[in-house]
**Q** 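Here you go, one structure.
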Amino acid sequence: MSTFKAPKGTYDLLPPDSATYLAVRDAIATPLRNSGYGYVETPGFENVELFARGVGESTDIVNKEMYAFTTRGGDQLALRPEGTASVLRAALEGNLHKSGNLPVKLWYSGSYYRYERPQKGRYRHFSQVGAEAIGAEDPALDAELIILADQAYRALGLKEFRILLNSLGDKECRPVYRAALQDFLRGLDLDEETRRRIDINPLRVLDDKRAEVQKQLVGAPMLRDYLCDACKDYHEQVRELLTAQGVRYEDDPKLVRGLDYYTRTTFEFVHDGLGSQSAVGGGGRYDGLSEMIGGPALPSVGWALGVDRTVLALQAEGITLDLPAATSVFAVPLGDEARRVLFAKVTELRRAGIAADFSYGGKGLKGAMKNANRSGARYAVVAGERDLAEGVVQLKDMESGEQEALAVEEFVAVLKEKLKRA
Ligand code: HAM
C-alpha cells in the first residue's frame with residue numbers, strides 16, 4: 001500500500017467490480033440512445049454562480065455541499081454537484097435550442113461532487129447517468145423519461161424499486177400554496193434552523209425526517225389541494241400515460257426534491273433494499289430554469305440515476321450481471337520462438353476483433369495456465385519448441401478441457417469460426 005488513500009467519502013472502481021459499473025451505465029444509456037437522446041459532455045466544474053442561481057441558494061447542495069473554490073486567476077468555480085444546470089447552460093451556449101428542433105434531447109454520464117457526510121450509498125464523489133429534454137411542455141415527454149428509467153432498471157433485472165410521483169405546481173399556484181404552508185408552519189414548535197427554513201424553503205420542512213417534526217406536520221396544507229387547473233390537468237395526463245404503458249407508480253404528495261428548479265412533475269426512484277439512502281434516481285420538470293440562468297423560456301424535464309446506488313441495489317437483490325468474459329483467447333508461449341510466433345498471432349486476433357491476451361513475464365506452463373484461467377478466456381493457445389517444429393499450436397478448450405493440435409497458419413481462422421459459433 002502507498003502512503004496515500006482515496007480521499008474521505010470516495011472509493012476507487014477496480015476490476016473485476018468496475019465491469020459492473022460500466023454495464024450499469026450502459027444499461028441506463030441504451031434506452032436513451034434508442035429514443036433520440038444525443039450524448040453531451042460538459043466540464044467537471046462551472047462558474048459557481050450557475051449552481052447558486054440554478055440549483056438554488058437555499059438548498060443544502062449549494063449551501064453546504066458544494067466544492068467551491070477560487071482559481072489562481074480569480075475565477076469563482078465549483079465542482080459540479082449535479083448535471084442539469086450544466087447541460088442546460090451548454091445547450092443554450094451551443095444554441096441547440098435555436099435549431100428549430102425542440103425538444104433538444106440529451107444524455108450524459110459522469111462524476112459529480114457533493115461535500116456530504118459519507119455513509120453507505122452517500123459519497124463525496126459519485127456518478128450519474130442523466131437525461132434532459134429541453135424546450136417542450138408535453139406530458140408525453142415527462143412520461144417518456146419515467147418509462148425509459150423504468151426500462152433501464154428492468155433491463156438490469158431490478159424488481160424492488162418503486163416510482164414516487166408528485167406535482168409541485170407552477171409559478172401560478174405554488175406561491176399561493178407556499179404562503180399557506182408558511183402560515184401553518186409558523187404555528188408549530190420548531191427549532192431555530194427549521195424556522196429559518198420556513199422563510200427560505202418551506203417545502204423542505206415537509207421532508208424533515210425527525211419524528212417530532214413529522215408528528216406536527218399532520219394536517220399541513222398539501223400542494224395537491226392547491227394545484228391550478230392547468231397543473232392538475234397536466235399531471236393527470238402524465239399519470240394516464242404511465243398507467244397506459246403499464247408503468248406502476250405511487251402518488252407521493254409529500255415528495256419534495258432537494259433542488260429548487262422543479263415545477264410540476266417530480267419523481268423519484270427508490271429501492272427498498274438500500275436503507276436510508278434509498279433514492280436510486282430522481283428528476284422532474286424545470287420550466288423556469290432556463291430563465292433563471294439568463295436564457296429564454298424553455299420548459300424542460302429530465303432525470304439522473306445514481307450509478308453507485310444502482311450497483312448497491314443490484315447487490316441488495318442478489319443480482320450478478322451476466323457479463324461476457326473480457327478475453328476470448330489467451331496465448332501461452334513456452335520459449336523464445338513461441339513468444340515471437342504467438343505474439344504475432346495475438347496481434348492478428350486483436351486486429352480481427354477477437355479479444356485476446358498473452359502470458360507476459362516468461363512464466364512457465366503452470367503459472368501461465370493459471371492466468372489463462374483467471375482471464376475467463378474460452379480458449380488457450382499453447383505452443384512450445386516441439387509444437388512449432390511440427391508447425392502446430394495446441395488449442396485448449398477451457399470449458400471442456402479438450403485439446404487439439406492446429407496448424408500455425410490455420411488456427412486464427414479456426415478460432416474465428418469457433419468463437420462465432422460459441
Ligand atoms: P438528485 O436527486 O440530487 O438529482 O440526484 C440523482 C441521483 O444521484 C440520486 O437519486 C442518487 O442516486 C444519486 N446521488 C446523489 N447524491 C449522491 C451521493 N452523495 N452519493 C451517491 N449517489 C448520489 C439531480 O442531481 C438532478 N440533476 C436530477 C435531474 C435531472 N432533474 C432534472 N434533470
Side-chain angles (χ1 to χ4, degrees), residues 8-11 13 21 24-25 28 32 37 40 42 46 50-51 54-56 59-62 64-67 79-89 91 103-134 141-142 144-146 148-149 152-153 158 161-164 166 168 204 207 255-271 274-290 298-314:
K8 185 174 172 192
T10 73
Y11 63 102
L13 295 184
Y21 282 75
V24 164
R25 288 191 187 118
I28 301 172
L32 296 170
Y37 290 76
V40 59
T42 65
E46 295 274 353
L50 173 71
F51 300 119
V55 176
T59 60
D60 284 354
I61 294 180
V62 166
K64 299 187 184 157
E65 297 168 2
M66 208 149 61
Y67 283 89
L79 298 186
R80 57 183 181 190
E82 64 104 45
T84 310
S86 312
V87 167
L88 185 55
R89 195 266 310 137
V104 176
K105 302 210 282 187
L106 301 168
W107 76 274
Y108 52 95
S109 172
S111 294
Y112 297 85
Y113 307 87
R114 294 183 194 175
Y115 192 77
E116 300 203 70
R117 203 145 40 83
Q119 64 181 86
K120 187 165 184 196
R122 189 162 75 192
Y123 310 105
R124 292 182 172 176
H125 165 263
F126 57 96
S127 83
Q128 291 183 341
V129 175
E132 312 292 349
I134 297 163
L141 197 54
D142 307 40
E144 165 177 294
L145 278 159
I146 296 171
L148 293 175
Y153 286 141
L158 290 169
F161 68 91
R162 291 178 291 134
I163 302 173
L164 309 180
N166 193 19
L168 289 182
R204 283 299 278 176
D207 222 17
L255 177 69
V256 182
R257 307 256 308 126
L259 304 94
D260 276 354
Y261 48 61
Y262 291 112
T263 51
R264 293 195 167 171
T265 315
T266 46
F267 47 86
E268 216 156 78
F269 303 90
V270 293
H271 193 278
L274 293 190
S276 65
Q277 302 307 310
S278 63
V280 285
R285 189 155 265 289
Y286 48 94
D287 293 341
L289 179 56
S290 175
L298 282 172
S300 307
V301 56
W303 51 241
L305 308 189
V307 176
D308 311 73
R309 289 188 195 166
T310 304
V311 171
L312 291 173
L314 288 170

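Numbering of ligands and ligand atoms starts at 1, following listing order. When a residue number appears, it is its place in the shown sequence, counting from 1. Any value given below was found using the heavy atoms of this structure, including those in side chains, with hydrogens, waters and symmetry copies removed.
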**Q** Determine whether Glu144 and Lys105 satisfy the following criterion, side-chain contact (heavy atoms from CB on, under 4.5 Å), listing intermediate values before the conclusion.
**A** CA-CA 11 Å; Glu144 165 177 294; Lys105 302 210 282 187; 2.8 Å; yes

**Q** For ligand 1, does Phe269 get within less than 4.0 Å through its side chain, its backbone, both, or neither, judged by non-hydrogen atoms?
**A** neither

**Q** Name the one of His125, Arg80, Gln128 that satisfies side chain to side chain donor-acceptor pair (under 3.5 Å) with Ser111?
**A** His125

**Q** Ligand 1 and Glu268, any nitrogen or oxygen pair closer than 3.5 angstrom?
**A** no

**Q** What atoms in ligand 1 come closer than 4.0 Å to a heavy atom of Glu82?
**A** 25 (O), 26 (C), 27 (N)

**Q** Compute the shortest N/O to N/O distance between Gly281 and ligand 1 and return yes if it is under 3.5 Å, no if not.
**A** yes

**Q** Counting heavy atoms only, which part of Glu132 comes closer than 4.0 Å to ligand 1: side chain, backbone, both or neither?
**A** side chain

**Q** Tell me whether the rings of Tyr153 and Phe269 are parallel (<30°), tilted (30 to 60°) or perpendicular (>60°).
**A** perpendicular

**Q** Within the structure, does Thr84 bring an N/O atom to less than 3.5 angstrom of an N/O atom in ligand 1?
**A** yes

**Q** Tell me, please: is Gln277 in heavy-atom contact with ligand 1, that is, under 4.0 Å?
**A** no

**Q** Which heavy-atom pair separates Leu274 from Arg309 by the least distance, and what is that distance?
**A** CD1-O, 3.7 Å

**Q** Does any N or O in the side chain of Trp303 come within less than 3.5 Å of the main-chain N or O of Leu145, such that one atom is a donor and the other an acceptor?
**A** yes

**Q** Which ligand 1 atoms, with their elements, are less than 4.0 angstrom from a heavy-atom of Gly121?
**A** 20 (N), 21 (C), 22 (N)

**Q** Please verify whether a non-hydrogen atom of Tyr262 lies at under 4.0 Å from ligand 1.
**A** yes

**Q** Which atoms of ligand 1 are found less than 4.0 Å from any heavy atom of Gly282?
**A** 10 (O), 28 (C), 29 (C)

**Q** So, is Val280 polar-close to ligand 1, with some N/O to N/O distance under 3.5 Å?
**A** yes

**Q** What do you reckon, does Gln128 have a nitrogen or oxygen under 3.5 Å from a nitrogen or oxygen of ligand 1?
**A** yes

**Q** Indicate the atoms forming the closest heavy-atom contact of Ala131 with Leu32, along with that distance.
**A** CB-CD2, 3.6 Å

**Q** If you measure every N or O of Arg122 against every N or O of ligand 1, does any of those distances drop under 3.5 Å?
**A** no

**Q** If you look at every heavy atom in Tyr108 and Val40, which pair is closest and at what distance?
**A** CB-O, 3.4 Å

**Q** Using heavy atoms and a 4.0 Å limit, tell me yes or no: is Leu259 in contact with ligand 1?
**A** yes

**Q** Heavy-atom distances under 4.0 Å are what count here, so tell me which part of Tyr113 touches ligand 1: side chain, backbone, both or neither.
**A** neither

**Q** How far does OG1 of Thr42 sit from CG of Leu88, to the nearest 0.5 angstrom?
**A** 11.5 Å

**Q** Could you tell me how the ring of Tyr112 sits relative to the ring of Phe126: parallel (under 30°), tilted (30 to 60°) or perpendicular (over 60°)?
**A** tilted

**Q** Determine, step by step, whether Lys120 and Gln277 satisfy the side-chain contact (heavy atoms from CB on, under 4.5 Å) criterion, reporting the C-alpha distance in whole Å, the side-chain angles of both residues, the deciding distance to 0.1 Å, and the verdict.
**A** CA-CA 8 Å; Lys120 187 165 184 196; Gln277 302 307 310; over 6 Å; no

**Q** Could you tell me which non-hydrogen atom of Thr84 sits nearest to which non-hydrogen atom of Tyr286, and how far apart they are?
**A** CG2-CZ, 3.5 Å

**Q** I need the atoms of ligand 1 closer than 4.0 Å to a non-hydrogen atom of Ala304, numbered in the order shown.
**A** 6 (C), 7 (C), 28 (C), 29 (C), 30 (C)

**Q** Using a strict 4.0 Å cut-off to heavy atoms of Phe126, name the atoms of ligand 1 that fall inside it.
**A** 14 (N), 15 (C), 16 (N), 17 (C), 18 (C), 19 (N), 20 (N), 21 (C), 22 (N), 23 (C)

**Q** Taking both backbone and side-chain atoms of Ala279, is any N or O found less than 3.5 Å from an N or O belonging to ligand 1?
**A** yes

**Q** Hey, is Trp303 touching ligand 1 through its side chain, its backbone, both or neither, going by heavy atoms under 4.0 Å?
**A** backbone

**Q** Would you name the heavy atoms of Pro81 and Ile61 that are closest together and state the gap between them?
**A** CB-CG2, 3.6 Å

**Q** Does the N or O separation between Arg114 and ligand 1 drop below 3.5 Å for any pair?
**A** yes

